[in-house]
Amino acid sequence: MLPAGITVLDLSAYLGLTAVAAITINILLGLMMAFRYSPVRNWPHHRFNYFRLHNWTGYFALAITLLHPLPLLLNKSPKFRVLDIFYPVHSPQQPLENTIGAIALYTIALVVITSYFRIQLHRRTWKAFHFSIYLAAAALFYHSLFTDPDLKGAPIDWLDGGKLFVESCAAIILVTSILRARHARTKVRPTSKAQQQANLGT
């Protein structure tokens, strides 16, 4: 029984926005590890295991992403079947956007499962799977931005509260990822120069 004033479509939309938040937090925690961020030296100035938090936000993101489309099975019009949820190529509304959403779900599942078995996998193989989280995020953001939450095919309201939230999350990840790439380049350049000097000395 849903609270008064909340429809099945509202519930699906809220779960989708929660999934976007979970993926954003998960990627930011991963980027913090890449930056070698220390919560002891920096804010909040006390020790906590944000590697474990990174893992749990991944599990939470997968669970919420799985739950997100399920309320559609209770929607009366348009009517969604179980097949339309897990293979939405022929879903009754917005099949392209829903298919991209399914790609996001399956990619998140792939990242979470391979991370669970990261010890058994070679590091290079695991990292290749792990970096596909960016593909999952891009697919999830596309699905969230271009889907009409009322399933009526209405034009996109880019200033809608939900859309603004997704846009903000996408901008945060984009900016942080660019900073991460620049940080990686500055670490590689000194090593390259030192190697060149060593080669000239031999």
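Across every non-hydrogen atom of Ser132 and Thr107, the tightest pair is O-CG2, 3.4 Å. Considering all non-hydrogen atoms of both residues, Pro149 and Lys163 come closest at CD-NZ, 4.4 Å. Across all their heavy atoms, Ile27 and Tyr134 have their closest contact at CG2-CE2, 4.0 Å. Leu73 and Phe80 get closest at one heavy-atom pair: CD2-O, 3.6 Å. Ile85 and Leu70 get closest at one heavy-atom pair: CG2-CD2, 4.3 Å. Minimum interatomic distance between Leu28 and Thr176 (heavy atoms only, all atoms of both residues): CD2-OG1, 3.7 Å.
With sequence neighbours excluded, the residues satisfying ring pair (Phe, Tyr, Trp, His ring centres under 6.0 Å) with Phe146 are Tyr142, Trp158. Under the ring pair (Phe, Tyr, Trp, His ring centres under 6.0 Å) criterion, Phe129 pairs with no residue, sequence neighbours left out. In this view, His54 and His130 satisfy the ring pair (Phe, Tyr, Trp, His ring centres under 6.0 Å) rule, not counting sequence neighbours. Under the side-chain contact (heavy atoms from CB on, under 4.5 Å) criterion, Ile178 pairs with Leu174, Arg182, sequence neighbours left out.
Asp148 is not listed as a side-chain neighbour of Ile156, based on a closest heavy-atom distance of 4.5 Å or more. With contacts defined as side-chain heavy-atom distances shorter than 4.5 Å, the pair Val112/Tyr116 does not qualify. Counting heavy atoms from C-beta on, the side chains of Leu72 and Leu151 come closer than 4.5 Å. No side-chain heavy atom of Lys127 sits less than 4.5 Å from a side-chain heavy atom of His122. The side-chain heavy atoms of Leu9 and Pro71, taken from C-beta on, include no pair separated by under 4.5 Å.
Hydrophobic clustering of Ile, Leu, Val, Met, Phe, Trp and Tyr side chains at less than 4.5 Å, counting indirect connections, unites Phe131 with Ile113. Hydrophobic clustering (ILVMFWY, side-chain heavy atoms < 4.5 Å, transitive): Ile64 and Trp56 are in one cluster. No path of Ile, Leu, Val, Met, Phe, Trp and Tyr side chains, each step under 4.5 Å between heavy atoms, connects Ile108 with Leu135, placing them in separate hydrophobic clusters. Following chains of ILVMFWY side-chain contacts shorter than 4.5 Å, one cannot reach Phe86 starting from Leu83, and the two form parts of different hydrophobic clusters. If you chain together hydrophobic residues whose side chains sit under 4.5 Å apart, Tyr59 and Ile133 fall into the same group.
To the nearest 0.5 Å, atom OG1 of residue Thr57 and atom CG of residue Leu29 are 5.0 Å apart. Atom SG in Cys169 sits 8.0 Å away from atom CD1 in Ile25 (nearest 0.5 Å). Note that the OG atom of Ser144 and the CD1 atom of Ile23 stand 10.5 Å from one another [nearest 0.5 Å]. Note that CZ of Arg180 and CD1 of Ile173 are 15.0 Å apart. Values are rounded to the nearest 0.5 Å. With values rounded to the nearest 0.5 angstrom, Phe60 atom CZ is found 9.5 Å from Thr65 atom OG1. Annotation: the span from Leu67 atom CG to Leu62 atom CG amounts to 9.5 Å, rounded to 0.5 Å.
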Counting only pairs under 3.5 Å, give me each side-chain donor-acceptor contact of residues 97-105, with atom names and distances, residues two or more places apart or in other chains.
from, atom 1, to, atom 2, distance (Å)
Asn98, ND2, Ser91, OG, 3.2
Asn98, ND2, Gln93, O, 2.7
Asn98, ND2, Gln94, O, 3.1
Thr99, OG1, Pro95, O, 2.6

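Sorted by first and then second residue, the salt bridge (Lys or Arg N to Asp or Glu O under 4.0 Å) pairs with a member in residues 72-82 read Arg81-Asp84; sequence neighbours excluded.
Within a 6.0 Å radius of OH in Tyr87, other residues, nucleotides and ligands contribute 12 heavy atoms or fewer.
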